[in-house]
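To start, the structure under review is shown below, and the notes come after it.
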Amino acid sequence: MSPDFIPPAKPIIGDDERRAVDAVLASGQLAQGSEVAEFEKEFSSVLLDGRAAVAVNSGTSGLHLGLLAAGIGPGDEVIVPSFTFAATANSVALTGATPVFADIELEHYCLDAADVETKITDRTAAIMPVHLYGHPFETEAFDAIANKHNVKLFEDAAQAHGAAVNGKKVGTFGDFAMFSLYPTKNMTSGEGGMVSTNLPEVERRLRLLRNQGMERQYENELVGFNARMTNIHAAIGRVQLTKVGAWTRTRQANAAFFDANLEGITTPKVAQGYEHVYHQYTIKVPVDRDGFAKALKEEFNIGCGVYYPIPNHRLVPFATSDDLPNTEEAAQSVLSLPVHPSLSKSDLERIVEAVNTLAKAGS
Ligand SMILES: *Cc1c(COP(=O)(O)O)cnc(C)c1O
């Protein structure tokens, strides 16, 4: 009998989330209301050291509205990684601005500050790096570049709830930052996004943009969207927020177990002073990556993720002839093992055994 399938990700939804949703349903106040307002306050205090938080209906909406609120639009260039989920570049393109792709570094697979500097032009309005896989990008280097060239810094923190650099949390570095609350992220609201900002003007425009341009009912001030989060989603998110810290510690313990026991592959590195929250535990394999992923699934019944097999600069909507060698290398050689907090000790042992066996066979 083959052992149970180990999924690459697994949202944890329990009785607390069910009760919270039920209470909202019983109240009849389904759309954006007090649950959303409480969720924003709690998210701000738990994950953002008090910086303002604005809830929206998805992480992608958060990026899109954040860019618009910060004044990004046609004629602007925003430098982004190509090695990320397409939402990063999509949100830039949706404002009418142009996403410009820069290469990544191969230690943490985040945007490479030195390459970004070569991509700056007189149309560059902002840089939007991603805290990829839950490891913060080089915040100090990007702060310095943004200041030197007088461009804005935004954070795609979709995968990095609670990550930090020398104790300072991600989401508190840029003019705005976005956290995704999609089910496979480190915490969820079903679908949803949270945007943080320390600029009162940006916060106000975010609140207007998500609600048809209205602060007061029917006194529309600008052309806006319906990007509101519902009370139902916020109720789930509020419960998850009380648990994400413990889940992160479990992810980190799982990662430490892999670090200590995996052989023959490259394990993730963590920069000095950086806190990695292991949205993904991403390894680099010395052999045919796709074959490795297939064997994990077929021979060992273990799921894994390949993020991201086609870099954005080669996707149809963005196709460019950019030369991004590190991006190409990562796209061909990395895969992400299950590291989520639902893994049992025997799951972890099975994963180690399978990866070590395949690495040995392939080398
Ligand atoms: C998930 C994700 C997004 C988009 O978030 P959604 O909530 O799915 O819209 C954006 N950027 C990155 C890096 C992501 O991983």
Side-chain angles (χ1 to χ4, degrees), residues 8-9 11 36 39 43 47 53-68 78-95 99 101-102 104 108-111 126-137 142 154-163 170-171 173-174 176-196 206 209-210 225-230 233-234 236-237 240-241 244 251 276-282 305-313 315 317-318 327 330-331 334 336 339-340:
V36 174
F39 186 30
F43 196 99
L47 291 176
V54 179
V56 289
N57 59 354
S58 75
T60 307
S61 289
L63 289 178
H64 184 202
L65 271 55
L67 290 161
L68 291 171
V78 178
I79 302 176
V80 293
S82 170
F83 192 62
T84 173
F85 185 49
T88 313
N90 278 345
S91 63
V92 173
L94 286 170
T95 68
F101 298 108
I104 53 169
H108 316 107
Y109 310 108
C110 290
L111 201 54
I127 307 168
M128 187 159 74
V130 179
H131 301 295
L132 197 73
Y133 301 143
H135 187 289
F137 60 73
F142 281 104
F154 308 139
E155 300 168 71
D156 182 336
Q159 307 182 352
H161 315 66
V170 306
F173 290 91
F176 81 82
M178 177 284 288
F179 296 84
S180 169
L181 300 167
Y182 185 74
T184 58
K185 300 293 158 79
N186 287 24
M187 61 173 283
T188 185
S189 61
E191 289 266 13
M194 195 66 84
V195 187
S196 65
L206 274 164
L209 284 166
R210 80 170 166 188
F225 302 81
N226 174 355
R228 296 182 300 261
M229 179 180 278
T230 71
H233 293 87
I236 300 171
Q240 297 258 311
L241 188 61
V244 69
R251 286 176 181 275
H276 192 334
V277 295
Y278 295 100
H279 171 59
Q280 301 293 347
Y281 186 92
T282 301
V306 172
Y307 315 107
Y308 297 87
I310 308 174
N312 288 208
H313 74 284
L315 292 174
F318 303 112
T327 294
V334 302
S336 300
V339 70
H340 53 81

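All ligand and atom numbering here is 1-based and tracks the order in the structure.
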Closest heavy-atom pair, D156 versus M178, reported as atoms and distance to 0.1 Å, is OD1-CE, 3.5 Å

Nearest-0.5 Å distance that lies between atom CZ in F154 and atom CG in L63
10.5 Å

In terms of ring plane angle, is the pair H135 and H108 parallel, tilted or perpendicular, where the classes change at 30° and 60°?
parallel

Could you list each nitrogen or oxygen of ligand 1 that sits under 3.5 Å from a protein nitrogen or oxygen, with the atom names and the distance?
unit_1   : atom_1 : unit_2 : atom_2 : d
ligand 1 : 5 (O)  : S180   : OG     : 3.3
ligand 1 : 7 (O)  : G59    : N      : 2.8
ligand 1 : 7 (O)  : S180   : OG     : 2.7
ligand 1 : 9 (O)  : G59    : N      : 3.3
ligand 1 : 9 (O)  : T60    : N      : 2.8
ligand 1 : 9 (O)  : T60    : OG1    : 2.6
ligand 1 : 11 (N) : D156   : OD1    : 3.4
ligand 1 : 11 (N) : D156   : OD2    : 2.8
ligand 1 : 15 (O) : Q159   : NE2    : 2.8
ligand 1 : 15 (O) : K185   : NZ     : 3.0

Just to verify, what does F173 make a ring-ring contact (aromatic ring centres under 6.0 Å, His included) with, not counting sequence neighbours?
none

If every non-hydrogen atom of Q159 is compared with every non-hydrogen atom of H131, which pair is closest and at what distance?
CB-O, 4.1 Å

Would you call the rings of Y278 and H276 parallel, tilted or perpendicular, where under 30° means parallel and over 60° means perpendicular?
parallel

